[in-house]
> 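Just passing along the structure, written as structure tokens.
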Amino acid sequence: ARARQPPPRGLPWRPGANERGVRPRPRRPWARVGQRGKQRQRRSPQPFMSAPSTSAAGAAGEAHAGPDAASAGDGGELVLELLEEDEDDEACDREEAQDGWFAASQQQHELQSAGAGEAGTEAGAGPSAADEPAWKDYATVFTNDKAGMGDNMVHSKEHVQRVVYEMSQGSPHFENERRKERAADERASRMEAHVRAATEQALQAARRRADAALTALELTRRSDRAWALFDMDQFFFAVHAQKDPKLHEVPVAVGGIGMISTANYAARRYGVRSAMPGFIAKKLCPQLTFVRSDFAEYSRVSKLFGEALRPFDPEGTAYQAGLDECYVDLKAASAARDETPAETCAAARAAIKAATGITVSAGLAPSRQLAKVASDLNKPDGQYVLPSNRGAVVACAR
DNA sequence: GCGGATCAC
DNA sequence: TATGGTGATCCGC
Ligand SMILES: Nc1ccn([C@H]2C[C@H](O)[C@@H](COP(=O)(O)OP(=O)(O)OP(=O)(O)O)O2)c(=O)n1
Ligand SMILES: [Mg+2]
């Protein structure tokens, strides 16, 4: 790991800035840092658990486990991504390998065929089986766990799910969601059939490649970086609350009866969340009030946020992803300030608060992806430090 | 380059 | 009654 070339550094703060002064953000930006504009050669799709054919991937002693090693799309790739160092070609290769046999690109075709089919014929995507109430299988993002919505909730998850179902069912949106569920079910069935059909030999080969990939990844974790992800708390709402701090005390959503961009913490206790239609939120929380969104203002505050971080980024590692998030490697700043990265992180958060008046949470970790995961763990107005060792990383991933 | 689709915030 | 705006990627054509 030490022998490898360090990743490209020292990118300017705003290369080819767009109107926000923000570098365009690819799906996993860090996988292509320093490679903008270069078209990477695409590999042809590899079926899950295919033999490594004659490619170099199968060569003995090859540290790089090959493009299909982590492409199963079975959930294993999340673990791999969390374990890996994330700024090299291999990470990029693995990402592209996921565009193979079971990749989302297939979903376009599945969506069309699922749409043609009769509603409710596939298990899990129609009226629920047996005596279960119909709302029980209408799973939406609104019943997923979300950091900071654990205790002191007014409504149970089940209540939220039922209200969302009752307010949605029969609508065009609802039917479209059902159609997408059917497509996902079809995709899962295909994958399961493929695994069932695999020979024991193929399964063993796949396990060996997975083990090799894990071993290789384990060597890539580095402790010479201290990636922080700063994420503003209740961002859109917080911008409005600057002018009217009393808003913090009552349930408020940003948006309107049609759609909510975000909600304050008082409203989240009722299950009111980003991307929830306002009329459903009103059902969950009748006293909810709305404020109209103001993108120009969010944009202005976002710039202040980014500028507040510049003194903590002498090497130009910062990357502003969206309006309320920014990745920075704090290693250089913490060395210069003769502090631990955690202390520097806290100082940076204080600087953001001073510049914007809004609290911010942060995660600090050996890779950006881990920093992002960690940033939710002590929200709001907190930070979580994830040390650079396997035990801590695995415990956090779990 | 465009339209369809997906994803993140 | 009623399901967004903004910015990005990827695919097939
Ligand atoms: N579906 C979504 C999700 C988010 N946003 C906007 C509003 C949020 O304020 C902002 C930041 O998104 P976050 O996920 O960080 O949510 P918040 O900052 O509002 O809350 P948190 O304190 O959980 O970070 O992006 C949006 O318009 N639509
Ligand atoms: Mg936020």
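Atoms considered below: every heavy atom in the structure, side chains included; atoms not considered: hydrogens, waters and symmetry mates. None of the values given here were measured: they were computed from a predicted structure. Labels below follow one simple rule: chain letters A, B, ... track the order of the sequence lines, proteins then strands, and each chain is numbered from 1.
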> Report the nucleotide, chosen from C:dG4, B:dC9, C:dT3, that has the shortest atom-to-atom distance to any side-chain atom of A:His173.
C:dT3
> Touch check for A:Lys283, heavy atoms < 4.0 angstrom, all strands: base, sugar-phosphate only, or nothing?
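Touches nothing.
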> Do you know which of A:Ser334, A:Pro341, A:Ser375, A:Pro387 makes side-chain contact (heavy atoms from CB on, under 4.5 Å) with A:Leu364?
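The single option meeting the side-chain contact (heavy atoms from CB on, under 4.5 Å) with A:Leu364 is A:Pro341.
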> Side chain of A:Lys180 only, please: which of C:dT3, B:dC9, B:dT6 is the nearest?
B:dT6
> Could you tell me the separation between the CD atom of A:Glu175 and the P atom of C:dA2, rounded to a whole number of Å?
13 Å
> A:Asp231: which residues meet the side chain to side chain donor-acceptor pair (under 3.5 Å) condition with it, sequence neighbours left out?
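Counting only residues at least two positions away or on another chain, A:Asp231 forms a side chain to side chain donor-acceptor pair (under 3.5 Å) with A:Lys379.
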> Please give, in whole Å, the distance from B:dC9 P to A:Gln234 CD?
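Distance, rounded to whole Å: 17 Å.
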> Expressed as a whole number of angstroms, how long is the span from A:Met167:CE to C:dA2:C1'?
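Roughly 8 Å, once rounded to whole Å.
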> Regarding A:Asp381 and A:Arg349, does a basic nitrogen lie under 4.0 Å from an acidic carboxylate oxygen?
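Looking at A:Arg349 together with A:Asp381, the answer is yes, because their closest N to O distance falls below 4.0 Å.
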> Check the distance between B:dA8's P and A:Gln369's CD and give it to me in whole angstrom.
11 Å
> OH of A:Tyr384 to CG of A:Leu386: how many Å apart, nearest 0.5 Å?
6.0 Å
> What integer distance in Å separates A:Ile280:CD1 from C:dT3:P?
10 Å
> Is the A:Tyr265 to A:His248 ring centre distance short of 6.0 Å?
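No - the distance between ring centres of A:Tyr265 and A:His248 does not fall below the 6.0 Å cut-off.
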> Just to confirm, is there a sub-4.0 Å distance from OP1 or OP2 of C:dT1 to any side-chain nitrogen or oxygen of A:Lys282?
no
> Return the residues of residues 250-270 of chain A meeting this criterion: a heavy atom under 4.0 Å from some atom of DNA chain C. Order them by number, or give none.
A:Ile257, A:Gly258, A:Met259, A:Ser261
> Whole angstrom is fine here: how far is it from CG in A:Asn176 over to P in C:dA2?
15 Å
> Which nucleotide in the list C:dT3, C:dG4, B:dC9 gets nearest to the side chain of A:Ala275?
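From the listed options, C:dG4 comes nearest.
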> In whole angstrom, give me the gap between the P atoms of C:dG4 and B:dA5.
16 Å
> Between P on C:dT3 and CZ on A:Phe142, what's the gap in Å once rounded to a whole number?
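Rounded to the whole Å, the gap is 13 Å.
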> Given atom CZ of A:Arg273 and atom P of B:dC9, what is their separation to the nearest angstrom?
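Nearest whole value for this atom pair: 13 Å.
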> Under 4.0 Å, heavy atoms only, any strand: does A:Ser168 hit a base, just the sugar-phosphate, or nothing?
base
> Tell me whether the rings of A:Tyr298 and A:His240 are parallel (<30°), tilted (30 to 60°) or perpendicular (>60°).
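Ring orientation of A:Tyr298 relative to A:His240: perpendicular.
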> Could you label the plane-to-plane angle of the A:Tyr270 and A:His155 rings as parallel, tilted or perpendicular, counting under 30° as parallel and over 60° as perpendicular?
perpendicular
> Given C:dA2, B:dC9, C:dT6, identify the nucleotide with an atom nearest to the side chain of A:Phe279.
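Side chain of A:Phe279 sits closest to C:dA2.
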